[in-house]
Each structure stands twice: as C-alpha cells, then as structure tokens.
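Bear in mind that the values here come from a model prediction, so they are computed numbers and not experimental data. When reading the values below, keep in mind they use all heavy atoms of this one structure, side chains included, and skip hydrogens, waters and symmetry mates.
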Amino acid sequence: MEIFVGYGNYTIALATMIGIYSIMALGLNIQWGLTGLFNLGIAGFFAVGAYASAILTTSETPKHIGGFDLPVVLAWPLAMIAAAFIAWAVARICIRLRADYLAIATIGIGEILRLIFKNEQWATGGTRGISNISRPFEQLPGIWAPLAFLGVVLILAMVAYWLAERGRTSPWGRVVQAIRDNEPAARAAGKNVETFRIQGFVIGSAFMGLAGALTAHYFKFVGPEATDPLQVTFLVWVMLIVGGNGSNRGAMLGAAVIWTMWSASELFSSRLSGDWAHRAPFVRLFLVGLILQIMLQYFPDGLMPRQRQITARLPRKPTIDQPQSSHILPPF
Amino acid sequence: MDQLLVFINAYLVPGIVSGSIYALGAIGLTLLFGVLRFTHFAHGDVMTAGAYFALTAIGLFGLHPVLALPIAMVCTSALCLCINHFFYRPLMRRPSLVLTISSFGIALMIRASIQLLYGVESHYYVRGIQRSTDFLGTFRIVDRHIWIVCCAIVLMVALHLLLTYTRLGKAMRAVSDSPELARLTGISTLAIVKATWVIGGSLAAVAGVFLGWDGFIQANMGWDLLLPMSAAAILGGLGRPYGAMVGGLVIGLAEELSSYPWFGGDALLSPGYKTGVAFTIMVAMLIWRPNGLFGGRVQ
Amino acid sequence: MQKSYPKLVTSTALCLWLVVSQSSAARADIRIGSLSALTGPAADLVKQVFAAEQAAIDEINSAGGILGQQATLISADTACNAQVGVDAANKLVNVEQVAAIVGGTCSGETIPAASNVAGPAGVLMVSPVSTSPEITKLDDKGVLFRVVPSDNFQGIYMARMLLSKGITKVALTYVNNDYGVGLAEAFRTAYLAGGGTIAGDSVHEDKKESYRAELATLAGGGAQTLVLFAIGDSSGLTIMRQSLESGLFEKFAVADGMKVSALLDGIGAENLEGRIIGSVPTAAVGPQSDRFKELYGHTDKFTFGYTFTAQGYDAAMITALAIEKAGSTDRRAILNAVRDVANAPGEVVGPGDWAKAVQLIKAGKDINYSGAAGDHEFDENGDIEGVFAEWTVKSGEVVVSPAVALGR
Amino acid sequence: MKDIVVPQSKAAPPGTGLSIKGISKSFGGLRAVDNCSFDVKRGSITGLIGPNGAGKTTLFSIITGFLSPDCGRITLDDVDVTRLAPHDLFHRGLVRTFQIPHEFSKLSVLENLMVVPANQPGENPITAWLRPGLVREREEQVFQEARNTLAFLGLEKVCDLPAGNLSGGQRKLVELGRAMMSGAGTVLLDEPGAGVNPTLLAQLSQMIMRLNSERGTTFCIIEHNMDMITSLCDTVVVMSSGSVLTQGHMSQIKKDDRVLAAYLGSSAVRALQ
C-alpha cells in the first residue's frame with residue numbers, strides 16, 4: 001500500500017514540475033516559436049521571478065531584504081511584472097540585434113543577473129539564497145498538500161496555455177509570426193517591428209518569471225544555483241525543439257516528455273552497479289544532447305508539428321460567392 | 001614592492017596571458033562565424049577536448065606540454081571534422097540558428113563524454129610549482145607564461161601568413177567577406193569549411209592546453225571560457241581574425257585590470273564580479289558597435 | 001495539451017511499471033538513499049564522498065548487514081541544484097521507498113530536499129557536507145541531521161587558533177559559495193573581536209585560471225599570512241600555487257576544504273612544508289580516526305583523506321545504526337533512534353565496529369557512535385558541536401594535532 | 001475575372017505628392033544613388049525605369065525608410081518624411097512592394113493579407129486577451145477585405161495554403177495584394193509584372209489605371225516591361241548609374257538617345273524599335 005502512496009507522491013511531484021516547465025516552454029514558444037527571438041537567458045528571467053516572489057512573501061529577516069509578507073496571490077503577479085520589467089529593459093537595448101547576437105547578449109545578461117544574485121548579499125541572501133519560503137496549502141495533511149499545489153500549478157499552466165493560444169490565434173500572433181517569417185515585409189506592411197518584438201519578449205519572460213516564482217514556492221528555497229543555464233535554459237530549449245517549435249501544445253508535450261525522461265531515467269541508471277552509478281548521470285546528459293541532434297536532423301517539426309496560424313472563429317466558407325462582393329473594389 | 005612593478009607582474013602579465021588564451025579561442029570562433037555564419041557554442045568544449053587530448057599524450061609519453069601541442073591539435077581537428085560531418089553538415093541548408101541550437105547540444109555532448117571518460121576530478125600537466133624567474137631584477141615571470149605568450153604569437157603570425165599568402169587563406173577570407181561571391185568565383189566551399197574546422201579546432205586545442213597548463217584541467221573549463229571568448233570575437237568584429245586577436249587581449253586585460261585598485265586602496269570592482277566584466281563589455285559592444293571595434297563596414 | 005495527456009500518462013505508467021517490476025526482486029533489501037551532486041560544480045568532491053558512503057555500506061554488508069539483511073545504497077544525482085535535488089529526493093523517498101537518506105551535499109539542494117520532500121514524509125536525512133548556517137534554523141520537521149559543523153563554528157575556531165599563535169594581521173580570501181562565505185563571516189567577526197586585523201578581504205570566483213590580480217591587491221595590505229577558505233583541488237590550489245610562484249604570500253591558514261590529497265600532489269608536499277596551518281573538524285577521541293585510517297588508509301574505494309570522505313562514512317554509519325536500532329524500516333522509528341545511537345551516554349562504537357554495535361543493540365544496550373570525523377553529538381537542531389584539530393604539513397605528511405572542543 | 005466596380009465618390013486627394021530632392025547613398029566606395037531628384041505628382045502614375053543596377057530599388061528603399069540616405073530630402077505632400085521609419089510612412093499613406101517577393105512563408109495566403117490593415121485592435125495583446133468581441137468585429141471586416149482582394153487577384157483557391165508553398169508568380173500577386181490591403185494613397189510598386197502571366201498583367205494594368213483615375217491613388221512603378229510603362233505612365237523617370245538621366249513623357253523619352261545608350265541593347269531597345 002505504502003508503495004502506491006509513494007508512486008502517487010512521485011507522480012504528483014513529476015506533474016508539478018511538468019506544469020512549471022510547461023509554463024516556461026510556453027514562454028519560450030512565444031519568444032522563439034512565434035516571434036523568432038533567440039533567448040538563451042531564460043534562467044535569468046526565471047531567477048528574477050523566483051527571487052522577486054521569495055523576497056515579497058518572506059517575513060522580516062536580517063539575511064536579505066524582506067518583511068513584505070505579501071500573500072502569493074499578490075506576489076506571483078508582482079514576480080511576473082518584475083521579470084517583465086527586466087525583460088523590457090533588456091529588450092529595449094538588445095532587440096535590434098541579429099538573432100545570434102541576441103543569443104549571446106541574453107546569455108551574458110543571464111550571467112550578469114546570476115552574479116548580482118550571488119554577490120548582493122544584502123538583497124538576496126547571496127550564496128546562501130532565501131529559505132523558509134511559504135508554500136500555498138502546505139498545512140494540509142498528507143498527500144493533500146502536494147496535490148493542492150499541483151492543482152494550482154496545473155490551473156496556472158492551463159491559463160498560460162489559454163493566454164498563449166489566444167495570443168497565437170489573435171491578430172497580434174499573426175503580426176509577430178509575420179515578423180518572424182519576413183521582417184522587411186512586416187515593416188513594409190506598417191508594423192512597428194521593434195514594438196511587437198519587445199511585446200513578445202516581455203510576455204514570454206513574464207511566463208518564465210511566473211515559473212520561477214512557482215518553483216521558489218514549491219521548493220521553499222531559492223539560491224543562485226537556480227540560474228544554472230543547463231537545468232533551466234538548455235532543458236527548456238530541448239523541450240520546445242522536441243515538442244514542436246511554434247506549437248503551444250507541442251511546448252507542453254515537450255515539457256512532459258523531456259522532464260519525464262530526465263527524471264525517470266535515473267530510476268534505471270541508479271540501479272547500475274559500481275563505478276557506472278557515478279557515470280550514469282553523464283550518460284544521461286549525453287543522451288539529452290543526442291536527442292536534440294536527432295530531433296533537429298530528422299524531426300525538425302518536433303513531435304507536434306507547428307500549428308497553422310488560424311484566424312480565430314471566422315466562417316471558413318467565405319462569403320465570396322455572394323454576388324455583390326465582386327463589385328467591391330479591394331481596399332486600395 | 002614598487003607599485004608599478006606590482007601592476008606589471010600581477011595585473012598586466014596575467015592579463016596578457018589570459019588574453020592570449022582568449023585570443024586563440026576567439027580566432028576559431030570568429031573564423032567559423034565568417035565561413036559558416038553561425039556562432040559555435042561548442043567551441044569552449046572543443047578547447048576542453050584539446051586539453052584532455054594533451055593530458056592523455058602527456059600521461060602516455062611523459063611529454064612536455066609544448067611537445068604535446070601537435071598531438072592535441074591533430075586530435076582536436078579530427079574531432080571537429082567528425083562533429084561537422086555528423087552533426088553540422090546535415091543542418092547546413094537550414095537557417096543558421098538551427099546550427100547554433102545544435103552546437104549548444106554538441107557542447108553538452110562533448111562535456112558529458114569527457115566527464116564519462118576522464119571523471120570529474122581536476123587534472124594537472126605538471127606537478128609542483130615553478131618559482132618565477134627575475135628578469136633584470138624587476139619582472140618576475142614564470143617560464144610557462146613566456147612559452148604561452150610566445151607560442152600564441154607564433155601561431156598568430158602563422159595564421160596571418162596563411163590568410164595573406166596562401167590560396168586557401170585568400171579563399172577563406174573571400175568566403176568570409178561574401179559567401180555568394182566566393183561561390184561564383186568557383187571556390188570550393190566544402191574544402192574551405194573543412195580547413196576552417198582544422199584551423200579553428202587546432203587553435204582551440206592550443207588554447208585549451210595553455211589554459212590547463214597555467215591552471216588545471218577540468219571538464220567545465222572550456223564552457224566557462226565561452227563567454228569571454230565570444231566577447232573577444234564580438235569586440236574584434238565577428239568574422240575578423242585580426243580583430244579577435246586584439247579583442248582577446250583587450251578582454252583578458254580588462255578582466256584583470258578591473259580589480260586593480262585604481263582609486264585608493266580597494267579593488268575597483270569586487271572580484272566576485274570579475275567574470276561579469278567580459279559580459280558587460282560584450283553586451284555594450286553589441287549595442288553600440290555590433291560590428292566590432294574596427295568595424296566600419298555595415299552588414 | 002489534451003492530446004499530450006494520454007502520451008504523458010502512458011509514458012509515466014510505462015516507466016513506473018518497469019521500475020516496479022525491476023525493484024520487486026530487491027524488495028528484501030534495506031534501501032538507503034544517497035543524495036549526491038554527482039554532476040554539477042562540486043562533482044569532483046561529491047564523487048569521493050559518495051564512494052566513502054558506499055564503502056561504509058559495503059563494510060556493513062560484509063559484517064552481517066542491517067537487521068540481518070543486505071543494505072543497498074541507491075544514489076540520486078542532485079547536480080548541486082534545487083530542481084534536480086528535489087526531484088532526486090522525491091524519487092528516493094517515493095519510488096525507491098528508501099528507509100533513510102544520506103545527503104545531500106550542496107546546501108542549495110539539501111535545504112529544499114529536506115523542507116520539501118524528506119520533512120513532510122518524515123524521512124531521516126544525514127548530510128555529510130552541507131555546512132550552511134541556514135540549515136540550523138530550517139523548518140525541516142526535525143528530519144535533517146548533519147555530521148559536519150556549521151561554518152559558524154569552524155570560522156570561530158580558526159580565528160582563535162590564529163590569535164593564539166600570535167598571528168594578528170592576515171589577509172582573507174574566500175570562494176564565493178555558501179561554504180566560503182559562511183566561514184569568512186564567522187571568522188571575520190571572531191577575529192576582529194579577538195583583536196586581529198584583516199588587511200585585505202576579498203571574495204573570489206571559483207575555477208578561474210588566474211587569481212594573481214586578487215592576490216596582489218590582498219598583498220598590498222601588508223599581511224604575511226593568507227587566510228584561504230576554498231576547496232583544495234579547485235580555486236584553493238590555484239591561489240596557493242600562484243601566490244607561491246609570484247612570492248606574494250608564503251604562509252597560509254586554511255580550513256577543512258583544503259585538506260585534500262590533490263593539494264599535496266598538485267603543489268608538492270615539499271613546497272608546503274611549514275607554510276600551511278589548517279583546521280579540521282575531527283574526533284574528540286583519537287582511536288576512532290586511527291581505526292578509520294587503518295581500515296581505509298590504503299583503500300582503492302575512495303581517496304583517503306579527501307575532504308568530507310570521513311563525514312560521508314560517518315553519515316552512512318549513523319543512518320545504518322539508526323535503522324538497526326529502530327528494528328524496522330519504519331521511518332518515524334528510525335528518526336527517533338538517531339540520537340539514541342549517536343549521542344552519549346552509551347558504549348562507544350566507531351569505524352569497523354559494526355558487528356559489535358549490532359550485538360550491543362540486540363542486547364538492549366545503549367550505544368554512542370563516535371566516528372572518523374567526530375563524536376557527533378546532535379543538538380536539538382540536528383547540528384553537531386564543533387570539535388576541531390589543527391593540521392599542518394611536516395616532512396611530506398599531513399600532521400593533525402590533538403583536537404580541541406569549541407565551547408559555544 | 002469578373003468586372004470590378006469602382007465606387008465613384010473619391011476624387012484625387014489634395015497635396016503635391018511625393019518629392020525627392022538631392023538623395024545620395026553610398027555603400028562603401030560604391031555610390032548607389034547619386035543626387036537624385038524628381039517628383040511623383042499626387043494622382044499621377046510615374047514610371048521609374050533604367051538598366052539593372054541603376055539604383056532604382058535602392059531609391060525605393062530610401063524613400064520608404066528601409067535605408068537612410070546620406071543626404072537629401074524627401075517630402076510627402078510638403079511634409080518632410082526623410083528618415084522616417086517604414087511603419088510611420090505606412091501610416092502616412094506610403095507603401096512599397098518588393099522586387100523579390102517577401103511573403104510571410106508560414107502564414108496562409110489569406111493571413112498574409114490580413115496582417116496588413118492598420119488599426120486592428122487585436123494587435124494589442126491585452127485587447128486580444130480581454131476584448132474578444134472588439135477583436136472579432138474588426139477581424140470580420142479584415143477577413144472580407146482580404147477575401148475580396150484575393151478574389152480580384154484570382155488566388156481564392158490557394159487562400160489556405162502557406163504562402164511559402166506558392167509559385168513565384170503567385171507570390172508576386174500576394175505581394176501586390178498586401179499593397180492593395182494597405183489602403184495607402186501612394187504606392188511604390190517594384191516590378192509588379194515580373195513573373196506574372198500576360199492575361200493577368202493586362203488586368204493588373206487596368207486595375208492600376210482605374211484605382212488611379214477613380215480613387216486618386218498615386219503610383220510610382222519600377223518595371224522593365226516597356227509596354228506596361230508606356231500604357232500606364234504619365235511621367236517616366238530614367239535612372240542610370242545611380243542618378244536621374246532624364247524625365248518626361250514616354251514619347252519624349254523614346255526620342256532621347258542617352259536613354260538608348262544607357263540600356264545598350266537591353267529589352268528597352270527592342271521595345272522602342
């Protein structure tokens with residue numbers, strides 16, 4: 001019996017992380033899949049959200065800024081706003097860069113943010129991070145506590161999906177995808193390319209900030225290791241590429257598949273004996289790299305192909321056959 | 001000790017040494033960008049691979065690190081050619097960003113392989129310490145630093161000769177300037193791509209060996225250097241090997257000199273932020289002079 | 001998303017089924033988890049600690065096992081990172097159903113794993129490495145113990161040791177992680193309070209190739225001794241080598257993180273002769289650590305004398321003893337048994353005494369485990385008091401002086 | 001193709017049109033555009049011709065804000081618009097098309113056109129999320145406009161295909177369709193006829209003419225098809241090696257020996273003979 005409670009607990013934990021990573025993958029899909037922005041600084045925005053929410057909800061302590069004691073319902077939106085604000089500042093100066101320059105610049109900014117979190121002890125607790133963060137519903141008995149938090153995460157993931165999907169099918173989504181496909185033509189069509197790119201970058205980063213805040217409260221701890229580019233940036237990229245770049249469903253599917261593989265593969269590798277037990281984690285890292293290569297070479301669309309931009313809820317059978325329409329001059 | 005001497009011995013010389021290492025790495029990065037039009041995120045890990053190849057050679061034959069250089073260069077070039085053949089070439093017709101993403105994964109694969117084969121401990125080429133030699137009673141320089149700087153200069157001069165006087169080098173510069181034009185004039189792009197990998201890989205291997213010689217060899221060493229190297233390449237203007245040489249030196253010096261007590265007794269910048277210097281220069285360059293310090297040409 | 005659920009559920013179910021089918025054969029074993037950062041920035045250090053834990057479990061198995069059954073140590077990689085650490089702890093506690101956990105390693109993974117997973121599940125965690133002072137006051141529902149003293153204690157000890165030797169002016173540099181920062185804070189406060197002067201105080205980043213600039217700035221303060229809080233085969237080695245090479249500092253005062261064989265190999269023992277003094281948490285009673293050296297001094301299982309290996313051994317031993325004492329794998333009972341087996345009073349048992357300890361427990365006698373790295377008397381927070389010794393290098397060997405208990 | 005009925009209401013809007021004065025642009029040592037000046041009068045159809053490499057497309061890019069001129073001044077209805085961004089110029093009623101079709105390759109043909117119209121409330125993400133009613137209302141208008149334009153261009157059958165899958169000629173039409181969707185008063189067409197079949201080309205010319213006469217849309221057209229230029233344009237500007245060689249009515253241009261010399265036996269010579 002106990003083993004089933006255990007498996008239940010593990011499944012809940014797995015699903016919670018999948019929910020959190022889906023939010024990040026959705027954010028990256030808005031940035032890369034729709035708007036075509038090459039963000040390799042995901043970890044930075046993730047950490048901004050995590051630290052912002054941690055600082056806002058903890059009580060007074062001499063170890064870092066704090067004492068705001070805000071409830072999470074306020075702190076999470078504020079964490080999103082903090083990540084969005086940093087993203088806005090970054091985007092204002094970097095958004096004109098060519099894609100691979102933007103990639104290098106965002107890595108650099110992610111690293112600078114990490115250094116700030118690590119060194120500004122008065123604000124962030126420095127290398128020790130912030131602990132004793134509260135988690136919603138943690139006082140519930142037994143399995144209900146993680147289950148209730150999972151519910152919160154899944155609801156937020158669904159809301160994020162709904163927002164991302166509505167954004168994608170809206171005229172806004174149409175414009176950013178147009179910019180991704182052909183920037184000069186979008187300019188010629190009167191679109192302010194910079195504005196739309198900044199919007200895409202900021203919205204995506206706000207999602208990442210939310211994921212950071214959720215993670216901080218889930219772990220009840222945030223430290224500078226949270227900005228590890230391998231665990232956050234790289235894994236999220238693999239999730240999006242595997243799931244299907246440009247597709248919100250694909251992003252969520254990728255998060256589910258990759259995190260499950262990442263987590264569950266250890267259940268086998270830890271059974272290896274002797275020296276191989278030490279080495280198994282590296283085989284795992286190697287395989288993640290290899291999966292990325294295989295996906296890029298053989299399945300460029302990912303598991304779930306790019307969803308066609310569908311202009312939402314319009315009559316698919318056009319009214320073109322009605323006689324008067326052909327008498328209308330196209331709007332020149 | 002006289003303040004000027006402290007400045008030279010403890011700030012300037014280490015700055016030049018790490019600058020030479022950055023420059024060697026950045027040249028490969030910038031050549032690859034010029035010819036293949038993508039940022040090779042695995043270049044730092046190629047460096048690490050070079051350092052481990054040399055470690056194996058030194059372990060097997062008991063060579064001096066400088067003598068192990070050719071072995072490391074050959075092995076690393078072979079590794080680069082293999083990676084190019086199996087992973088990058090199939091993606092060559094896709095947008096260059098796909099290659100960049102791919103190289104991110106390659107970086108992870110190289111690092112994981114090294115950790116798998118060699119373990120995670122730090123390794124050393126040479127045990128013990130080398131006391132520094134006094135020159136003219138003032139400069140105190142360790143022998144290996146002289147070796148490193150001299151080898152770097154020799155290699156850069158050799159690269160200069162190659163780029164200026166050989167057909168291959170001229171072709172590389174032509175492709176770097178305008179791939180379409182080069183293709184029209186009948187330059188074989190495939191051969192040039194291979195040559196670029198060999199040159200970039202070899203220089204990265206040398207940089208890796210020097211880095212390991214001056215400090216220690218460890219699986220993450222190259223990855224940690226990727227950003228300063230990219231900063232150097234961007235500073236010099238991507239696609240310009242000479243720019244990368246200068247850029248490397250500037251980044252190396254800037255990192256060391258940032259903690260010099262320019263005003264009063266405290267370091268200008270907390271050494272906790274030392275690694276941030278390169279990124280800051282890089283981001284600033286990307287914003288104000290994306291074509292590099294010497295870039296007059298608009299792309 | 002709708003479409004992804006069936007696939008997700010199928011893949012998860014498949015994995016779980018495979019695990020169940022695999023693990024049912026091993027059900028009879030006593031399962032102990034090890035939370036170790038086998039990848040990530042501290043991988044080199046943790047590899048040795050994990051090997052020492054494994055050595056202890058092997059020793060127990062060859063001496064009859066726990067409760068008469070063979071014990072298995074199941075490792076889970078934490079990568080020194082909260083996300084991976086919590087995931088790993090979840091797997092150990094829920095899927096592997098371990099009786100207790102040895103670990104974690106980095107404080108950044110230990111804290112979330114204890115407060116998020118082990119605490120709610122009531123699973124004992126004995127950490128051999130996490131030195132962060134944050135852990136003392138952590139809301140962990142009493143599950144987290146550690147066999148290393150909080151950095152606070154060692155910093156104070158170091159300060160007193162230096163002052164007692166008449167060294168009143170030092171330069172201080174420490175690695176920028178919770179280990180270095182924690183030690184430096186405690187040391188700084190105690191040293192200044194004791195009348196010392198710190199001429200030059202700077203943090204450094206781990207794993208850089210050159211520290212000459214930082215060293216020159218530090219040497220500018222005019223101090224002769226460099227207090228160096230770092231890990232011995234990483235930035236600690238580089239700093240020591242570069243300051244010896246450029247003649248900036250000739251004397252070093254270091255903490256336990258530097259007492260590693262890599263330092264002696266890398267710099268050469270002859271170069272360290274008389275130049276280094278250090279502190280190390282150690283056993284109050286000499287015979288235990290002698291016995292440990294006798295058992296593992298020339299082992300190929302792990303590098304003897306590597307940082308935190310003795311602690312890793314002790315953590316595994318204490319965990320095993322607690323299970324033996326509890327008489328079952330009931331987690332609550334194991335948790336309650338920890339202080340019984342590790343704290344005084346009771347008959348002292350140490351490394352290599354597994355069979356004896358089991359006999360004593362069976363006979364209903366109280367035991368007091370005193371290990372390779374200290375006698376481990378846990379206080380109400382699960383911390384141990386600092387018992388430290390001074391070490392130095394003499395004629396090519398590390399020499400450790402008799403230990404001193406640090407009163408609060 | 002059905003007959004198109006043009007609303008009778010609109011006369012040529014007031015204003016002096018587009019005026020280019022002394023525009024120059026160099027790339028490195030190459031002077032691509034050298035001190036060009038000419039006017040595109042409001043309500044006119046002006047042709048811009050010249051051999052390949054004469055700097056016509058570069059000049060278009062400068063006028064529409066894609067490139068910044070080294071010196072010179074551009075006014076639209078007496079307002080200085082030099083160095084304004086493309087989207088600003090769009091909102092002042094100045095649009096261009098591209099010589100090589102620039103389609104949004106992964107969007108459908110219909111969506112390619114629906115991107116263009118200005119004042120779409122759904123382009124603000126907040127409105128898109130929170131005011132679906134408002135967005136939908138405008139979407140239906142835009143949808144109808146796009147449908148009608150596609151019907152005119154004969155592209156209904158491919159309207160749901162990704163634009164990247166179209167043939168070269170079809171992409172050219174999509175390009176034109178986007179310009180039509182903009183509702184701009186001044187349109188710069190960069191080789192609208194290249195790759196379009198002759199039947200459609202004739203209708204295209206007719207369409208341009210009717211839009212010009214009945215709605216007063218001003219055109220400036222780069223084109224190598226001299227029949228099209230002759231039949232459409234009131235004024236023709238000839239460029240060669242970056243500068244304006246001559247300008248005037250086609251009948252005058254045809255007599256100018258310098259023009260013939262500039263083309264040196266290219267298609268223009270055949271057209272003139």
Side-chain angles (χ1 to χ4, degrees), chain B residues 1 3 5-7 9-15 17-18 21-22 111-112 115 119-124 126-132 134 140-142 144-145 210-216 218-221 224-225 252 255-261 265-268 270-276, chain C residues 37-48 173-176 181 199-221 231-235 237-248 260 262 264-272 303 306:
Chain B
M1 221 191 292
Q3 192 62 31
L5 287 182
V6 171
F7 178 76
N9 289 333
Y11 294 90
L12 205 58
V13 173
V17 170
S18 51
I21 295 173
Y22 293 159
R111 215 174 325 148
Q115 285 165 326
V120 288
E121 297 87 354
S122 311
H123 299 272
Y124 304 91
V126 197
R127 304 262 156 200
I129 57 167
Q130 283 182 304
R131 290 280 175 175
S132 46
D134 281 19
R140 306 177 69 177
I141 301 174
V142 187
R144 65 167 184 275
H145 288 169
F210 286 170
L211 187 67
W213 193 13
D214 196 28
F216 51 91
Q218 202 257 346
N220 275 322
M221 63 194 247
D224 294 339
L225 238 60
E255 276 195 351
E256 295 299 321
L257 298 186
S258 70
S259 47
Y260 184 73
D266 283 332
L268 181 65
S270 159
Y273 281 112
K274 196 172 166 183
T275 42
Chain C
L38 294 170
T39 65
D44 39 359
L45 183 125
V46 171
K47 182 184 172 184
Q48 299 291 339
T173 184
Y174 51 99
V175 61
N176 198 5
V181 173
D201 182 345
S202 100
V203 68
H204 66 259
E205 278 295 311
D206 200 7
K207 294 184 176 157
K208 293 285 289 176
E209 67 274 25
S210 167
Y211 296 99
R212 295 181 187 86
E214 286 92 328
L215 285 168
T217 314
L218 288 169
I231 298 296
D233 61 343
S234 173
S235 64
L237 179 89
T238 315
I239 286 180
M240 207 174 261
R241 169 188 283 199
Q242 291 181 350
S243 57
L244 284 173
E245 280 177 352
S246 51
L248 289 168
V260 297
L264 292 177
D265 292 351
I267 294 195
E270 68 283 2
N271 293 312
L272 289 174
T303 314
Y306 208 93

Is a salt bridge present between B:R144 and C:E245, judged by a nitrogen-to-oxygen distance below 4.0 Å?
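Yes, charged N to carboxylate O under 4.0 Å.
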
Quick one: do B:D214 and C:R212 make a salt bridge, cutoff under 4.0 Å?
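Looking at C:R212 together with B:D214, the answer is yes, because their closest N to O distance falls below 4.0 Å.
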
Given that the side chain runs from C-beta out, which part of [X] has a heavy atom under 4.5 Å from chain C: side chain, backbone, both or neither?
| X | value |
| --- | --- |
| B:L225 | side chain |
| B:H123 | neither |
| B:V17 | neither |

Count the heavy-atom pairs under 4.5 Å between each of B:M221, B:E256, B:E255 and chain C, then report the option with the highest count.
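Most pairs with chain C among the choices: B:E256.
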
Can you tell me if B:Y11 and C:T217 form a side-chain donor-acceptor pair at under 3.5 Å?
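Result is yes, a qualifying pair exists.
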
Bottom line for C:E270: the part with an atom under 4.5 Å from chain B's heavy atoms is neither

Sort C:L237 into side chain, backbone, both or neither according to what part of it lies under 4.5 angstrom from a heavy atom of chain B.
side chain

Just so I know, are the side chains of C:T39 and B:Q115 near enough to count as touching, which here means a heavy-atom distance under 4.5 Å?
no

Heavy-atom pair of closest approach, residues [X] and [Y]:
| X | Y | answer |
| --- | --- | --- |
| C:K47 | B:V120 | CD-CG2, 4.1 Å |
| B:W213 | C:R241 | O-NH1, 4.2 Å |
| C:S210 | B:K274 | O-NZ, 3.1 Å |

